[in-house]
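This is a predicted model, so every value here is computed, not measured. Throughout, a chain's letter reflects where its sequence line sits, starting with A, and its residues are numbered from 1.
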Amino acid sequence: MANKKRGDLWLILGVLLAAAGLFVLLWWLPKPGAAVEITVDGRLYATLPLDSPTTLEIPSDTGNTLVIADGQATVTAAGCPDGICVRHRAIHRTGESIVCLPNQVVITVIGGTPALDGEV
Amino acid sequence: MKRKTALYGLLVALAFIFSYIEALLPLPIGIPGIKLGLANSVTLVVLYLLRPVDALVISCLRILLAGLTFGSPVSMLYSLAGGLCSFAVMWLCRRSGRFSIVGVSIAGGVSHNLAQLAVAAVVLLTPQIVWYVPVLLVAGLITGLLIGLLCRGLLSKLTRFMRH
């Protein structure tokens, strides 16, 4: 009765698998409630939630086109000379940002569950 | 009947002292809500030596007593949720015969933590809490394992004692 039984092993494995699986799942899920904050020339222009797909033409100096889709934000077109903002990959994690220096546009991800790194 | 009363009193007092000790010496791990669950060793041993209902009653009495003495109504709610759930799980695991006392203890530890987390989720209504599940799963596993090993050693010695 007190000896190890097969059920014990399955239980331990099951718990470890569940813990690992859940952790991975949580890590890769899009953080709920996250939004992007758009500032132009230092002033807040708009705040948009990441979960509703939309296209926004930001009225900056030469224009930036922001597209929100699949829980991510990306700049698809811009009139600035270097186009760094367009080449930047889509952002979705809190703290990530896309900046267009010539047009003074800053797009930052805010809110939602804080990203794990650096958070308690 | 008289014999049971004295025995119950003894066991509740023992479990209560275990609770008290744990309240005095919180584990150095920074995660809130993680404890060894020493008092559960009493529940576990009683489950194996006496009847399941004895384990349930002693567990509930201990939770009530500890909650009133050095806990709060909120802490008692969590303790009760954890205690009732883990008792049910441990009882079923034992009945199935597929687990050793260590396995039963692990099941108890894990279910205790999950039940408390469930209560916290309802009370606090924060989605962030779900991040705790993997942590508490592993913590429940480890503490359950330790308590289970402890009780396994104790059980062989105590079986002689409790033959009535």
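Following chains of ILVMFWY side-chain contacts shorter than 4.5 Å, one cannot reach A:L16 starting from A:L9, and the two form parts of different hydrophobic clusters. B:V12 and B:L68 fall within a single hydrophobic cluster, where Ile, Leu, Val, Met, Phe, Trp and Tyr side chains are chained together by heavy-atom contacts under 4.5 Å.
Closest of all the heavy-atom pairs between A:D8 and B:G103 is OD1-CA, 3.1 Å. Nearest heavy atoms, B:P134 versus A:A19: CB-O, 3.5 Å. When every heavy atom of B:F99 is checked against every heavy atom of A:L11, the shortest pair comes out as CE2-CB, 4.0 Å.
Ranked by non-hydrogen atom pairs under 4.5 Å with chain A, the options B:G140, B:G148, B:G97, B:S156 are led by B:G97.
No more than 12 heavy atoms of other residues, nucleotides or ligands sit less than 6.0 Å from atom CG of A:D70.
In this structure, the ring pair (Phe, Tyr, Trp, His ring centres under 6.0 Å) partners of B:F70, at least two apart in sequence or on a different chain, are B:F16, B:Y20.
Taking the side chain as every heavy atom from C-beta outward, A:I12 and B:I106 approach each other to under 4.5 Å.
The hydrophobic cluster around A:L101 extends to A:V99, A:V106, counting ILVMFWY residues whose side-chain heavy atoms fall within less than 4.5 Å of a member.
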